[in-house]
Structure formats: structure tokens, C-alpha cells
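These numbers come from the heavy atoms of this one structure, side chains and all, not from hydrogens, waters or symmetry mates. The sequence lines fix the lettering, A, B, ..., with proteins before strands; numbering per chain opens at 1.
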There are 2 protein chains.
Amino acid sequence: MKEAKRNALEKKGWRVGSAGDLLGLSDEEMTLIELKLVMARSVKVRRQGSRLSQEQLAKMIHSSQSRVAKMEAGDRSVSIELLLRALLRLGTTKRELARMIADAA
Amino acid sequence: MKEAKRNALEKKGWRVGSAGDLLGLSDEEMTLIELKLVMARSVKVRRQGSRLSQEQLAKMIHSSQSRVAKMEAGDRSVSIELLLRALLRLGTTKRELARMIADAA
DNA sequence: AGAGGATATGTCATTTTCGACATAAGTCAA
DNA sequence: TTGACTTATGTCGAAAATGACATATCCTCT
């Protein structure tokens with residue numbers, strides 16, 4: 001993995017290949033991270049496309065502005081469940097979700 | 001929703017249409033639940049297809065037999081993340097995951 | 001410049017999910 | 001039947017994720 005990419009991930013709270021973990025993450029873990037990042041980007045694009053503020057989207061999914069911000073930033077503390085909840089609430093179809101996963105990683 | 005189906009969900013810990021929640025779950029919440037159940041079934045099928053015990057699969061994903069059992073039972077306490085982890089570890093391709101999501105709900 | 005709205009970042013108490021363990025309940029061959 | 005596996009279910013303290021809140025930063029206006 002490129003150093004710049006690793007640094008970007010670590011900024012978001014991901015621990016990618018720390019000192020004691022010479023080989024880094026497993027393929028499955030990397031796939032999950034990449035999937036989260038794809039979903040995060042999609043949330044942002046879709047929200048902006050719908051001309052909603054983070055605050056408005058937060059209300060729609062019974063969350064908070066700060067959590068939406070973290071979602072879109074790809075923060076490690078955000079679960080796939082919450083990302084899915086947001087995407088579905090933004091009208092993402094199952095077909096689109098499927099495409100998203102197929103494209104991830 | 002059919003009463004039998006609701007009862008089956010509640011057995012697994014899901015709260016579907018409790019007394020104070022006359023209208024039941026939102027479409028998005030139902031979709032998430034259905035997705036989890038589809039993934040749960042797939043984990044079981046794939047594990048059995050690979051002739052692995054729950055204990056063996058548990059080790060492969062650094063979890064425990066009881067959690068795998070709960071996964072396959074569609075228990076509410078199991079996250080989509082863990083289900084994804086198991087499916088990926090069982091060799092599920094992104095294409096197959098995509099198909100799974102498109103089929104859900 | 002300053003005001004107002006949006007977004008980013010950090011923290012915290014509560015809730016959810018976690019692995020682990022014990023144990024019950026199935027399955028099946030000897 | 002007995003015994004060895006396997007799976008189901010309940011519980012627990014630990015860890016992760018959550019909504020909420022405060023506050024900082026960033027943009028657009030005027």
C-alpha cells in the first residue's frame with residue numbers, strides 16, 4: 001500500500017500496519033475499509049445532490065450533524081450499518097447498493 | 001407483515017411493531033433486517049458447503065462458536081460488519097455480495 | 001471586516017456489539 | 001445406551017458505536 005494512502009487512512013482513525021503488525025491488514029479487512037470509504041463518498045454525493053445539510057440528513061436518520069460529518073469523512077468510528085441507513089434514507093436502491101459493493105476495493 | 005413472520009423476527013430479538021410503535025419499522029429498517037437475514041442464511045450455507053464447523057469458522061474470523069451460531073440464527077445482536085467479515089472469509093466475492101444485496105428484501 | 005450558515009473535530013455518557021464461557025440440546029456412530 | 005461432536009441459548013464484562021453537545025474552521029454573502 002502507498003504511504004500516502006496509509007497516512008490518509010490513519011488520519012481517519014484506521015490502524016493500518018502499525019509497528020507490531022508488519023503485514024498490515026488482511027484482505028478481508030481492507031475490503032471492508034474500502035467498502036466503507038466508497039459508501040462514505042456516496043453519502044456525501046447523494047446528500048449534496050439532494051441539497052440537504054448534514055443537519056437535515058442527521059434528523060432524517062435520527063442521528064446528529066457531527067456523526068454525519070464523521071460518516072462522510074470515512075471515520076473509523078462509523079459502522080457500515082449507519083452508512084447503509086443513510087444511503088437507504090437518501091433513496092439509494094438495492095441495485096445501486098449492489099453496484100457500489102461490486103465496485104468497492 | 002404476516003403475524004408468523006413478525007413472531008419469527010421477535011424470537012431473534014427484533015422488536016417489530018411493539019405496543020407503542022403501531023406502524024412498525026420503516027422501510028429502511030425492514031430492508032436492513034432482511035439484508036441481515038439473507039446474509040445470515042448465506043453464511044450458514046457457505047460454511048456447511050465448506051464442511052466447516054461453527055467453531056472452525058469462528059477461529060477463522062477471531063470470534064467464537066456462540067457468535068457464529070447467533071450469526072446464522074439471524075440474531076439481532078449481530079452486526080452487518082461481522083456478517084460481512086464471515087462472508088468474505090468464506091470466499092464470497094464482491095460480485096456475489098452484490099447479488100445478495102440486490103436480492104434482499 | 002463581520003455575520004450567518006455549514007462543516008469539521010473532539011469529548012462524553014449511554015447503548016449496542018463483542019468474544020468468551022457455561023451449559024442445554026441435538027446428531028450420529030459404536 | 002453411551003460418548004464424542006456439533007449447534008443453540010443465555011449471560012457476562014469489555015470494547016465499539018452511538019447521539020448529543022461544545023467549539024473550531026470554513027464559506028459566502030453584504
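Residue R67(A) holds its CZ atom at 13.0 Å from CD of E72(A), rounded to the nearest 0.5 Å.
Look at CD on Q54(A): it is 15 Å from C1' on dG19(D), rounded to the nearest Å. Going from atom CZ of R51(B) over to atom P of dC5(D) covers 19 Å, rounded to whole Å. Going from atom CD of E29(A) over to atom P of dA16(D) covers 13 Å, rounded to whole Å. Atoms NZ (K59(B)) and P (dC5(D)) sit 13 Å apart, rounded to a whole Å. Rounded to whole angstrom, the span from the CG atom of D75(B) across to the P atom of dT9(D) amounts to 9 Å.
Of all nucleotides listed (dT7(D), dT9(C), dA8(C)), dA8(C) comes nearest to the side chain of E72(A).
For the pair L9(A)/L37(A), a side-chain contact is recorded, criterion being any heavy-atom separation below 4.5 Å from C-beta on. Between L84(B) and L97(B) the shortest side-chain heavy-atom distance falls below 4.5 Å.
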Would you tabulate the nitrogen or oxygen pairs shorter than 3.5 Å linking the protein to nucleotides 16-19 of chain C?
unit_1	atom_1	unit_2	atom_2	d
dC18(C)	OP1	S79(B)	OG	2.5
dC18(C)	OP2	R67(B)	NH1	3.3
dC18(C)	OP2	S77(B)	O	2.8
dC18(C)	OP2	S79(B)	N	3.0
dG19(C)	OP1	S63(B)	OG	3.4
dG19(C)	OP2	S63(B)	OG	2.9
dG19(C)	N7	R67(B)	NE	3.0

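Ion pairing between K36(A) and E81(B) holds under the 4.0 Å rule for side-chain N and carboxylate O. Under 4.0 Å is where a charged nitrogen must lie from a carboxylate oxygen, and between E34(A) and K94(B) no such pair does.
Under 4.0 angstrom from either OP1 or OP2 of dA8(C) there lies at least one side-chain N or O belonging to K44(A).
Looking at every heavy atom in both residues, M39(A) comes nearest to I80(A) through CE-O, 4.1 Å.
Q65(A) contributes a side-chain N or O that forms a donor-acceptor pair with the base of dA8(C) under 3.5 Å.
When each of Q56(B) and A69(B) is assigned the nucleotide of DNA chain D with its nearest heavy atom, Q56(B) is the one assigned upstream, toward the 5' end.
As judged by a 4.0 angstrom heavy-atom cut-off over every strand, R47(A) is placed among residues touching the sugar-phosphate backbone only.
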